[in-house]
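These notes concern the structure reproduced below.
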Amino acid sequence: MDRYLVFGHPVRHSKSPFIHTLFARQTQQELEYGLAEPAIDEFAHALQVFFAQGGKGCNVTVPFKEQAFTLVDRLSPRAKRAGAVNTIKLTDDGVLLGDNTDGAGLVADLKSHGVTLADSRILLLGAGGAARGALAPLLAELPSELVIANRTHAKAQQLAAEFCDLGPVTAQTYEQLAVSFDLVINSTSASLQGELPPLAPALIHTDIAIYDMMYGASDTAFISWAKQHGARQTMDGLGMLVEQAAEAFTVWRGIRPGTKQVLRELKRNLGVI
């Protein structure tokens, strides 16, 4: 039976085995999917051993995505742009192909919620790896404007400069933000600590869409804050998790699973519904 893993540290909380087991059942694919939590300095060796012992592919999560970028034989265009790898496939000719499905998962989830990206004004909070992975897929949807805001303004400026060839992307400080945005995406990990990006409440209006890449059994701190200030459409990152997994499954198996029922099952598993 074909073997797949998710590598991370920590990773025992991961819902990837749950998701991919449902995908396999749905598409009648024979595979098993497990967890691997190597020590921080042992990831490269663990990855080598996994594929040497017959592994077919893996997901890679925090803190190994940037390291995986340097360990594969070939990179997909979107992995090159993201500067990180979250999906690895052993090809038929023995090549380790590194891909990044995070941005595609984000865009797919936004579209599933009916969010219009073309000609929209998008504010992206954060300038770390999650933001980097999202930029190219978001700009491919042809927004009229994409602004990056980050606590360290220089990082936002650097990121905007790297991606400005793909579309209208600029960097602003939180204090400079004034335009009325259609969509705000929080790519920071602030919600994990129950904290908020320093965003002015005046930027929130009833027609804005709010997306937090983090998720939990209840609203994240950012989503709760946005609702308090009048946002009617709010989304967390649970759908993104399922959509990026579906993209990875497609890379591995050449068949795209459906995500709606799997997302419902995942919410039930988490106690969200």
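To the nearest 0.5 Å, atom CD of residue Q28 and atom CD1 of residue I255 are 8.5 Å apart. Atom-to-atom distance recorded for L97:CG and L75:CG is 8.0 Å, nearest 0.5 angstrom. In this structure, F181 CZ and S120 OG are separated by 10.5 Å, a value rounded to the nearest 0.5 Å. If you take CG on L125 and CG on N150, they are separated by 9.0 Å, rounding to the nearest 0.5 Å. Between R232 atom CZ and I210 atom CD1 the span is 13.0 Å, to the nearest 0.5 Å. Remark: L196 CG to S224 OG distance equals 9.0 Å, nearest 0.5 Å.
Side-chain atoms of W252 never come within 3.5 Å of backbone atoms of Y4 as a donor-acceptor pair (strictly under, hydrogens ignored). Within the 3.5 Å criterion, the main-chain N or O of I40 finds no donor-acceptor partner in the side chain of H9. Put simply, the side chain of K89 never gets that close to the backbone of K56: no donor and acceptor are under 3.5 Å apart. When atom types are taken as modelled, the side chain of T234 and the backbone of I223 share no donor-acceptor pair closer than 3.5 angstrom. Side-chain atoms of T91 come within 3.5 Å of backbone atoms of V95 as a donor-acceptor pair (strictly under, hydrogens ignored). Under the 3.5 Å distance criterion, the side-chain polar atoms of T70 are matched with a main-chain donor or acceptor of Q67. Counting only distance, with no hydrogens or angles, the side chain of T87 and the backbone of N100 share no donor-acceptor pair below 3.5 Å. Looking only at distances, no side-chain donor or acceptor of E141 sits under 3.5 Å from a matching main-chain atom of L117. S14 places a side-chain N or O within donor-acceptor distance of the main-chain N or O of S16, the cut-off being under 3.5 Å. Within the 3.5 Å criterion, the main-chain N or O of H113 finds a donor-acceptor partner in the side chain of Q233.
The minimum heavy-atom distance linking D109 with E243 is given by the pair N-CG, 3.9 Å. Scanning all heavy atoms of the two residues, the minimum distance from A131 to S187 falls at CB-OG, 3.5 Å. For the residue pair I208 and A231, the shortest heavy atom distance occurs at CG2-CB, 4.0 Å. Minimum heavy-atom separation, A160 to A171: CB-N, 4.0 Å. Pairing each heavy atom of A68 with each of I88, the nearest pair is CB-CD1, 4.3 Å. Scanning all heavy atoms of the two residues, the minimum distance from V85 to A79 falls at CG2-CB, 4.1 Å.
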Criterion side-chain contact (heavy atoms from CB on, under 4.5 Å) on L146 and F163, from CA distance to verdict: CA-CA 11 Å; L146 194 155; F163 284 83; over 6 Å; no
Chi angles and distances behind the side-chain contact (heavy atoms from CB on, under 4.5 Å) call for T27, R256: CA-CA 8 Å; T27 57; R256 177 169 290 278; over 6 Å; no
side-chain contact (heavy atoms from CB on, under 4.5 Å) between L159 and R132, intermediate numbers included: CA-CA 7 Å; L159 202 54; R132 178 180 290 275; 3.6 Å; yes
V6 vs Y33, side-chain contact (heavy atoms from CB on, under 4.5 Å): CA-CA, chis, key distance, verdict: CA-CA 8 Å; V6 55; Y33 189 108; 3.2 Å; yes
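Each of T188, I185, N186 was evaluated against M213; a single residue qualifies, I185, per the side-chain contact (heavy atoms from CB on, under 4.5 Å) test. Test D219, D236, D212 against K227 for salt bridge (charged side-chain N to carboxylate O under 4.0 Å, His left out) and you get one pass: D219.
Hydrophobic clustering, with ILVMFWY side chains joined whenever heavy atoms are under 4.5 angstrom apart, groups F222 together with L177. Under the 4.5 Å side-chain heavy-atom criterion for grouping Ile, Leu, Val, Met, Phe, Trp and Tyr, F249 is connected to V242 within one hydrophobic cluster. Residues L71 and L5 are members of one and the same hydrophobic cluster, defined by side-chain heavy-atom contacts under 4.5 angstrom among Ile, Leu, Val, Met, Phe, Trp and Tyr. Hydrophobic cluster membership differs between V251 and L96, with clusters built from Ile, Leu, Val, Met, Phe, Trp and Tyr side chains linked at under 4.5 angstrom. Put simply, I148 and L138 are part of the same group of oily side chains (I, L, V, M, F, W, Y) that touch within less than 4.5 Å, one to the next.
Using a 30° and 60° split on the angle between ring planes, W225 and H229 fall in the tilted class, from 30° to 60°. In this pair, F7 and F50 present their aromatic rings perpendicular. The plane angle is above 60°, beyond the 30 to 60° band.
A heavy-atom distance below 4.5 Å is found between the side chains of L124 and L135. Residues L241 and K15 meet the side-chain proximity criterion, which asks for heavy atoms closer than 4.5 Å. In this structure the side chain of Y211 never reaches within 4.5 angstrom of the side chain of V184, judged on heavy atoms. With contacts defined as side-chain heavy-atom distances shorter than 4.5 Å, the pair I19/E265 does not qualify. Taking the side chain as every heavy atom from C-beta outward, L266 and L238 approach each other to under 4.5 Å. You'll find the side chain of I122 stays beyond 4.5 Å of the side chain of V147, heavy atoms only. Looking only at side-chain heavy atoms (C-beta outward), Y174 and L199 come within less than 4.5 Å of each other. No side-chain heavy atom of P257 sits less than 4.5 Å from a side-chain heavy atom of V262.
Using a 4.0 Å cut-off between charged side-chain N and carboxylate O, E162 and R81 make no salt bridge. Using a 4.0 Å cut-off between charged side-chain N and carboxylate O, R78 and D99 make a salt bridge.
Taking a 6.0 Å sphere around CG of D93, one finds it holds more than 12 heavy atoms contributed by other residues, nucleotides or ligands. Counting heavy atoms of neighbouring residues, nucleotides and ligands inside a 6.0 Å radius, atom NE2 of H205 exceeds 12 of them.
Under 3.5 Å, the side chains of N86 and T101 contain a donor-acceptor pair of N or O atoms.
Sequence neighbours left out, the pairs with a member in residues 23-33 that pass salt bridge (charged side-chain N to carboxylate O under 4.0 Å, His left out) are R3-E32. For the salt bridge (charged side-chain N to carboxylate O under 4.0 Å, His left out) condition, the pairs that include at least one residue of residues 172-190, sequence neighbours left out, are R121-D182.
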